[in-house]
Structure formats: C-alpha cells, structure tokens
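Below you'll find the structure, written out as structure tokens, and then a few comments.
Computed from heavy atoms alone, side chains included, the values below leave out hydrogens, waters and symmetry copies. By convention in this document, chain letters (A, B, ...) are assigned in the order of the sequence lines, proteins followed by strands, and residues within each chain are numbered from 1.
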Amino acid sequence: GENVEQHPSTLSVQEGDSAVIKCTYSDSASNYFPWYKQELGKRPQLIIDIRSNVGEKKDQRIAVTLNKTAKHFSLHITETQPEDSAVYFCAARGPNDYKLSFGAGTTVTVRA
Amino acid sequence: GAGVSQSPSNKVTEKGKDVELRCDPISGHTALYWYRQSLGQGLEFLIYFQGNSAPDKSGLPSDRFSAERTGGSVSTLTIQRTQQEDSAVYLCASSGDPYGYTFGSGTRLTVV
C-alpha cells in the first residue's frame, strides 16, 4: 500500500515567518494529496488539496506544490500567525481507492 | 446530518471489557472510514466501507477489532477484550466523492 513520510515532526517559527512541511509518497500512481489541520482537541479539517494534474495550488496564505517525478509534495504557509499553531497532516490516495494514507503529522508552533 | 457524528465522545472502560463506538456519517456519503490516533501520533487506518462493496479491513490491528455498517449509513466499531494499548482517539470520517474526508470529533477511549 501507499506509504507517506512527513518532515519535520515539529516546527517552531516566529510570527510572520514562513513554514514549510514536506511529504514523500511511495506509489507513483497516487493522484490526490490533501492537507489537514488539527487544532488541539479538535477534529482534522481539510485546508487545501492538490491533484496530480496540477503542480501548485494557492489559497491565501497557504500553498501546496507537487513534484510527481520525485514523488513529493509540500505545504507552504506564509506570514504565519498564532492561529496557525496546530498539527498538520499530509495524505495521499491511490487511483483506485477512496482511502487516504496519512503522514505522521507536523506540530507547528508560531511564536508571538 | 450536517456533519459526521460520533458517540460517545469519551469512554472509559476496564481492561477485558468490550466496547462499541458509533459513527453517523453525512447523509448520502457512500464512503466511511475509521482511523485511530494514539496520543501525539498520526492517523492509523483501520477499516473502510464503500457503498455495498466488501469493506477494506486491512488496517485492523487484531481480530479483537471489527466493524459493521448497517444500511449503508451508521457504522459501529467494536473492540472486544479491550487492552490498555487500545487507548486512543477513534476517528470516523465520511466522503461522498474521492476528494476529501469530513471527520467526526472522535471518541476518546481510555482502557484502565
């Protein structure tokens, strides 16, 4: 099955700086890559996703890039704010499946 | 319903007892998933139901774990003879298409 690795496991940034989280996946046929944000004690929520026919997608201060050749994708958060502090999970899905395989998560702390 | 509903929100049980966790997905969503999240860990896939197809049980950690989905809607995850290592948050999600899950708030299971 699909194997997703996520780095770093923790990330501390100064408010206003950028944060970057990277994920690699094993199945070259995977075609859907969502990112979820989980605030403390709450459910994971989808914040952005990208499909394999697109190299980059932006939504305000967040963006995701996909490199299919290298089988990796990244989440970029610009102008970080305290409310960006959370655990972020990347995921990947194969072509014949609804099931997502998740990375281990990155705990992001934004220092005021 | 408007969202994915899980019950109970918290469950404390004695080691060796059986527990049932319930998930009520978003109306019309054909796919339903169970994940487990241990303290500070990522999302571990357990089982996945898609329409009337046989469920994907490849993530169930032992034969003490089982799940069913009645009438293509509500699902129950059953853990028999609970062990302390079963303590975790059990998350249910549903989706109506291949893109993006909606998660429930989870059931926090504590085995004492």
Minimum-distance pair of heavy atoms, taken over all atoms of B:Asp56 and B:Phe45: O-CZ, 3.6 Å

Region of A:Pro34 that comes under 4.5 Å of a non-hydrogen atom in chain B: neither

Nearest non-hydrogen partners of A:Asp27 and A:Glu2, listed with the distance: N-OE1, 3.1 Å

Within 6.0 angstrom of B:Glu14 CD, more than 12 heavy atoms from elsewhere: no

Side chain / backbone / both / neither for B:Gln37 at chain A, heavy atoms under 4.5 Å: side chain

Under 4.5 Å from any heavy atom of chain B - which part of A:Tyr98: both

side-chain hydrogen bond (donor to acceptor under 3.5 Å, both in side chains) contacts in which one or both residues fall within residues 102-112 of chain B, not counting sequence neighbours: A:Arg43-B:Ser105

Segment of B:Phe103 engaging chain A (4.5 angstrom heavy-atom cut-off): both

A:Phe89 and A:Phe102 aromatic ring geometry - parallel, tilted or perpendicular at 30°/60° bounds: perpendicular

Segment of B:Tyr35 engaging chain A (4.5 angstrom heavy-atom cut-off): side chain

Exceeds 12 heavy-atom contacts within 6.0 angstrom, atom CD of A:Glu79: no

Positions in residues 61-70 of chain A that reach chain B, provided some heavy atom is under 4.5 Å away: none

Working for side chain to side chain donor-acceptor pair (under 3.5 Å), residues A:Arg93 and A:Asn31: CA-CA 6 Å; A:Arg93 197 205 68 207; A:Asn31 59 9; 3.1 Å; yes

Contact class of A:Lys42 relative to chain B, heavy atoms under 4.5 angstrom: neither

Residue pairs passing the side-chain hydrogen bond (donor to acceptor under 3.5 Å, both in side chains) test where at least one lies in residues 4-23 of chain A, sequence neighbours excluded: A:Gln6-A:Thr106, A:Ser12-A:Arg111, A:Gln14-A:Arg111

SB check B:Arg22 B:Glu20 (cutoff 4.0 Å): no

Distance-minimising heavy-atom pair for B:Ser66 and B:Leu60: CA-CD1, 4.4 Å

Residues 80-95 of chain B: residues contacting chain A (heavy atom under 4.5 Å, by number): B:Leu91, B:Ser95

Whether A:Trp35 and A:Phe73 hold their rings parallel, tilted or perpendicular, with breakpoints at 30° and 60°: perpendicular

Residue A:Asp59 excluded, over 12 heavy atoms near CG under 6.0 Å: yes

